[in-house]
Trainee: 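The structure is given below, and queries will be raised subsequently.
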Amino acid sequence: WTAAWRACPAACTSAGAPDDGPPCKRPRSDRCAIVVRMFDVLVYLYETYWRPDACPDHAQLTRKLSAAGFESEEIQEALSWLDGLAGAAESYSGRQSELGHRVYSNAERERLGDDSIGFISFLESAGVLPPPMREMVIDRATAVGATPIDLDDLKVIVLMVFWSLGEEPDALILDELFVAPEERVVH
């Protein structure tokens, strides 16, 4: 499922593309390449460590990631992003009114984009993304810096928020996060 989200974020582009995806239309910046590979690191961590507390300390994790073929800059970017996620997870409170309505600021709307906001709303309305987790997703999505964030990258962020809290999304949500719409089986 990892190949489905490896395309360049919308904030930048590449002359080429992954073998299994459409090419981006704009030139790729070095920052874009680091952000794309940062998501590779995050998915690798999710696949390798079942919970954040199963991860080794930063120094050992850096060595393991380097041995797995990741570059220093993308490792540092991912570890910095994960530190922010850990901070958000520590302050996570499952208590917030379910009756409230989230109003996005102009800056958030620009950073997230309509597709990502729509997907977050879908997860909320399905009852799988409570308001405190939604805020963690928004915080970590705006920390990426891509404007607007690619929907596939947002899906990785959602998965990492569940991971950071030690929660496993149910099978239907995993399907929504990682199976391309054209590959879904309709019953």
Side-chain angles (χ1 to χ4, degrees), residues 1-14 17-18 20-26 28-29 31-32 35-43 46 78 81-82 84-85 88-89 91-165 167-187:
W1 54 264
T2 57
W5 57 266
R6 287 186 175 201
C8 185
C12 55
T13 56
S14 65
D20 58 316
C24 292
K25 305 279 189 244
R26 296 167 286 214
R28 177 184 284 228
S29 68
R31 173 78 179 127
C32 172
V35 168
V36 169
R37 293 283 291 167
M38 179 194 81
F39 281 101
D40 288 342
V41 173
L42 296 176
V43 169
Y46 178 81
W81 188 90
L82 284 170
L85 180 60
S91 63
Y92 175 78
S93 169
R95 294 191 174 138
Q96 194 170 359
S97 172
E98 301 291 329
L99 301 175
H101 179 74
R102 177 64 154 87
V103 177
Y104 293 88
S105 71
N106 289 337
E108 288 171 332
R109 293 189 67 76
E110 183 179 316
R111 279 308 234 328
L112 296 171
D114 292 337
D115 289 344
S116 293
I117 290 172
F119 187 72
I120 291 168
S121 296
F122 162 73
L123 292 176
E124 280 186 283
S125 67
V128 297
L129 190 69
M133 287 178 76
R134 175 201 61 216
E135 294 305 312
M136 289 177 65
V137 168
I138 293 168
D139 174 67
R140 294 293 75 212
T142 57
V144 170
T147 305
I149 190 162
D150 185 77
L151 182 58
D152 291 330
D153 291 343
L154 180 82
K155 290 177 179 184
V156 172
I157 291 170
V158 170
L159 182 66
M160 294 306 292
V161 166
F162 276 94
W163 179 80
S164 73
L165 297 171
E167 296 184 23
E168 180 73 27
D170 70 30
L172 292 175
I173 295 306
L174 286 173
D175 183 60
E176 187 64 39
L177 290 174
F178 298 109
V179 176
E182 62 275 4
E183 294 176 10
R184 289 199 180 101
V185 177
V186 179
H187 297 281

Trainee: Yes or no on side-chain contact (heavy atoms from CB on, under 4.5 Å) for R102 and I120, after CA distance, side-chain angles and deciding distance?
Mentor: CA-CA 11 Å; R102 177 64 154 87; I120 291 168; over 6 Å; no
Trainee: Can you name the nearest heavy-atom pair linking S164 to M136, along with the distance?
Mentor: OG-CE, 3.6 Å
Trainee: How close do P169 and L159 get, heavy atom to heavy atom, and via which atoms?
Mentor: CG-CD1, 4.1 Å
Trainee: Indicate the atoms forming the closest heavy-atom contact of L42 with M160, along with that distance.
Mentor: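 Shortest heavy-atom separation between L42 and M160 comes out as O-SD, 3.7 Å.
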Trainee: Indicate yes or no: at least one non-hydrogen side-chain atom of R134 is less than 4.5 angstrom from one of P131.
Mentor: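 Contact flag for R134/P131 side chains = yes.
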Trainee: Nearest heavy-atom pair of M133 and L165: which atoms, and what distance?
Mentor: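 Reported closest heavy-atom pair: CG-CD1, 3.7 Å.
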Trainee: For S105, which residues count as a side chain to side chain contact (heavy atoms under 4.5 Å, CB included) partner, sequence neighbours excluded?
Mentor: A107, E108
Trainee: Within this structure, what is the CZ-CG distance for the pair F122 and D115, rounded to the nearest 0.5 Å?
Mentor: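 Spacing of CZ (F122) from CG (D115) equals 14.0 Å.
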Trainee: So how far is it from I149 CD1 to F119 CZ, rounded to the nearest 0.5 Å?
Mentor: 12.0 Å
Trainee: As an exercise, state the distance from CG of L151 to CG of L112, rounded to the nearest 0.5 Å.
Mentor: 11.0 Å
Trainee: With distance as the sole test, does W81 use its side chain to make a donor-acceptor pair with the main-chain N or O of V144 at under 3.5 Å?
Mentor: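 Answer holds: no.
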Trainee: Give, for atom CZ of R140 and atom CD1 of I157, the distance between the pair rounded to the nearest 0.5 Å.
Mentor: 8.5 Å
